K.L.:
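Here it is, the structure in full.
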Amino acid sequence: MPAIVEVEELDKTYEGDFKALSSVSLEIEEGEILALLGPNGAGKTTLISTICGISIPTSGRISVSGHDVVTDWRAARRLIGLVPQEINLEPFEFVGNTVRFSRGLFGKAPDEAFIDQILTDLSLIDKKGSRIAQLSGGMKRRVLIAKALAHEPRVLFLDEPTAGVDVELRRDMWALVERLRSEGVTIILTTHYIEEAEAIADRIGIIRSGEILLVEEKNKLIKRLGRKTLTVELKEPLTQLPDALSDYDLQLSEGGNALIYAYDAGAERTGITRLLSSLQSAGLVLADLQTNESSLEDIFVDLVQEDAQ
Amino acid sequence: MNWYGIAAIFRFEMARFFRSIIQSIVSPVLSTSLYFVVFGAAIGSRIPEIEGVSYGAFIVPGLIMLTVLQQSIQNAGFGIYFPRFIGTIFEVLSAPLSSFEIVLGYVGAAAVKSLMIGLIILATSFFFVDITIQHPFWMITFLMMTAISFALLGFILGVWAKNFEQLNLVPLLIVTPLVFLGGSFYSVSMLPPFWQSVSMFNPVLYLVSGFRWSFFGMADVPITASLIAIMGFMVACLAIVWWIFRTGYRLKV
């Protein structure tokens with residue numbers, strides 16, 4: 001897959017010497033959904049703002065579909081749509097007008113049928129003649145998305161699109177993202193909700209203190225960093241681990257009726273077969289077996305903490 | 001050129017003007033009528049003609065200038081300040097629009113609005129006094145240049161202001177006094193010599209004088225001085241606007 005957005009060695013230092021981004025390099029592939037995960041203040045919004053031309057890079061290069069965002073900004077910006085984190089909307093404006101305004105701003109000829117289509121897709125069509133001030137918070141967020149899509153962008157940035165949004169709207173949003181991807185739109189979303197990244201992203205980038213810790217395919221990431229645990233339930237509880245099992249990294253559960261074995265699912269040898277035969281040799285009778293996979297959330301917390309230490 | 005983008009900003013700004021039509025048109029017309037009643041009829045009847053022009057007619061160019069200056073600054077200032085205040089400016093800054101195109105949209109709309117108000121006031125004044133315009137071409141030229149350059153000033157203020165108070169401060173504390181002391185309601189030749197010299201440092205004097213010349217053929221300063229002053233002011237404002245976009249001052253971080 002060719003890269004549609006290329007970020008090379010990007011630095012951003014704000015006034016007062018606050019370094020928001022330091023040598024960030026990132027390649028976003030055409031047609032993918034990339035989720036940027038990171039704690040508050042990690043630099044997610046700064047990264048997006050710099051790509052979109054709202055923030056001036058201190059050094060480094062960004063290009064969108066081969067167009068440099070500084071020297072060839074006009075061509076680069078035409079391809080980008082941005083849904084900001086905060087609900088920034090003119091309260092007295094009408095929904096239809098504000099979407100039309102966005103389309104014009106990005107240099108596209110008026111196309112009322114297209115605007116109606118976007119509003120229909122976002123269940124906003126019956127609000128076309130309403131003032132923005134009359135809409136609910138969720139509706140306003142949809143208006144922001146409609147505005148960002150009004151000029152048919154090839155790359156869409158969603159900055160925390162589902163923060164403070166109810167479950168139904170979140171599901172709608174995910175469905176919309178899926179549909180846009182099927183139309184070939186590249187989507188970059190930042191989120192706090194790891195389940196969101198897990199549900200819709202192809203690749204995940206983790207950003208902390210202005211640095212990209214890693215960017216990897218979601219499934220590989222889970223596999224690579226994922227720790228699995230095997231829980232062995234015993235017929236008879238134990239008071240302590242038998243000496244015969246001291247070679248294994250085993251934990252005895254509270255109450256003593258289960259053994260927990262942690263292993264690396266991606267490893268050549270997991271050691272499960274050997275463990276099971278050792279259990280039998282030790283004369284233990286098993287009641288049940290279950291395995292658990294660590295979620296992206298566990299991985300994320302581990303990574304961010306590990307790095308902080 | 002991104003003409004659709006310029007048109008989008010222009011149309012948006014004009015829509016705000018027509019949305020608040022009462023505030024936009026009725027209020028300047030009303031306040032101007034009050035000036036005519038108070039200065040023209042009540043006080044003016046006790047003031048002799050100035051170089052053959054009745055006092056009521058004499059103040060018309062000054063009144064139009066006063067309103068055009070204030071409206072240009074206010075419209076352009078609010079036009080760019082409000083999106084900054086509510087955060088919608090991000091969209092304009094991320095759009096494929098050059099700084100020139102952004103300024104053309106905001107300043108163009110503000111100038112057109114104040115030009116319209118200026119012409120409405122001129123039309124209103126025909127109900128109160130007899131006026132003939134000796135140099136209509138120069139009248140329109142002065143009006144347009146004033147509207148554009150003060151809309152540029154308003155744009156600068158709208159970018160500079162950190163709150164609504166600051167936005168209103170400059171027009172209130174600097175521009176209004178300059179207009180009142182710039183010969184809007186009198187000829188500087190009526191002042192004592194010392195104050196005549198001081199007035200020569202007031203840039204608004206040159207505008208009012210030139211504008212009044214286009215009506216009655218009389219001026220406090222040579223017409224070329226008026227033209228140079230307004231052009232110089234416009235160039236200065238353009239230079240500041242150019243600097244704002246080059247550095248991203250208070251627009252981009």
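In what follows, every chain begins at residue 1, and chains take the letters A, B, ... in the order their sequences are listed. Note that the coordinates shown come from a computational prediction; the quantities given were computed from them, not determined experimentally.
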K.L.:
How long is the span from the CD1 atom in A:I48 to the OG atom in B:S94, to the nearest 0.5 Å?
P.N.:
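Reported to 0.5 Å precision, the distance equals 12.0 Å.
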K.L.:
Decide if atom CZ of A:F114 counts as having more than 12 heavy atoms of other residues, nucleotides or ligands within a radius under 6.0 Å.
P.N.:
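It does: A:F114 CZ has more than 12 such atoms within range.
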K.L.:
Are more than 12 heavy atoms from other residues, nucleotides or ligands located less than 6.0 Å from atom CD of A:E183?
P.N.:
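Yes, CD of A:E183 has more than 12 neighbouring heavy atoms, counting only those of other groups under 6.0 Å.
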K.L.:
Any idea which heavy atoms bring A:L82 and B:F90 closest together, and the distance?
P.N.:
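Scanning both residues, the minimum pair turns out to be CD2-CD1, 3.8 Å.
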K.L.:
Do other residues, nucleotides or ligands put more than 12 heavy atoms under 6.0 Å from B:M1 CE?
P.N.:
yes
K.L.:
May I ask you to check whether over 12 heavy atoms, not counting those of B:F100, lie within 6.0 Å of atom CZ?
P.N.:
no
K.L.:
Calculate, to the nearest 0.5 Å, the distance between atoms CG and CG belonging to A:L105 and B:L93 respectively.
P.N.:
9.5 Å
K.L.:
Quick one: of A:E86, A:K108, A:H151, who has the most non-hydrogen atom pairs under 4.5 Å with chain B?
P.N.:
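The option with the most such pairs is A:K108.
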K.L.:
Is it true that atom CZ of B:F126 has more than 12 heavy atoms of other residues, nucleotides or ligands lying nearer than 6.0 Å?
P.N.:
yes
K.L.:
Please give me the minimum heavy-atom distance between B:T247 and A:I56, naming the atom from each residue.
P.N.:
O-CD1, 4.1 Å
K.L.:
Take atom CD1 in B:I21; do more than 12 heavy atoms of anything else shown fall under 6.0 Å from it?
P.N.:
yes
K.L.:
What option among B:R11, B:E101, B:R16 has the most heavy-atom pairs under 4.5 Å with chain A?
P.N.:
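Top option by heavy-atom pairs under 4.5 Å: B:E101.
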K.L.:
Checking A:S102 against chain B: side chain, backbone, both or neither under 4.5 Å from a heavy atom?
P.N.:
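For A:S102, the contact with chain B is made by backbone and side chain together.
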K.L.:
Is the number of heavy atoms from other residues, nucleotides or ligands within 6.0 Å of CE (B:M116) greater than 12?
P.N.:
yes
K.L.:
Working to the nearest 0.5 angstrom, can you tell me the gap between A:I54 CD1 and B:I89 CD1?
P.N.:
10.0 Å
K.L.:
So does B:W3 have more than 12 non-hydrogen atoms from other groups sitting under 6.0 Å from CH2?
P.N.:
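Count not over threshold, so no.
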K.L.:
Quick check: closest heavy atoms across A:R78 and B:P96, and the distance to 0.1 Å?
P.N.:
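Heavy-atom minimum between the residues: CG-CG, 3.8 Å.
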K.L.:
Flag the one option from A:N88, A:T46, A:V69, A:I80 with the top tally of heavy-atom pairs under 4.5 Å to chain B.
P.N.:
A:N88
K.L.:
Measure the spacing between CD1 of B:I9 and CZ of A:F101 and express it to the nearest 0.5 Å.
P.N.:
5.5 Å
K.L.:
With only heavy atoms counted, which part of B:F12 is less than 4.5 Å from chain A, the side chain, the backbone, both or neither?
P.N.:
side chain
K.L.:
If you tally heavy-atom pairs under 4.5 Å against chain B, which of A:R74, A:K147, A:R103 wins?
P.N.:
A:R74
K.L.:
Could you tell me which of A:A109, A:P91, A:S49 has the largest number of non-hydrogen atom pairs under 4.5 Å with chain B?
P.N.:
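Greatest number of close heavy-atom pairs with chain B: A:A109.
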K.L.:
Tell me the closest heavy-atom pair linking A:G104 and B:N2, and the distance in Å.
P.N.:
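For A:G104 and B:N2, the tightest heavy-atom pair comes out as O-OD1, 3.9 Å.
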K.L.:
Anything under 30° is parallel, anything over 60° is perpendicular, the rest tilted; go ahead and classify B:F82 against A:F92.
P.N.:
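Taking A:F92 first and then B:F82, their aromatic rings lie parallel (interplane angle under 30°).
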K.L.:
Roughly how far, to the nearest 0.5 Å, is the CG atom of A:L144 from the CD atom of B:E91?
P.N.:
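CG of A:L144 is found 8.5 Å from CD of B:E91.
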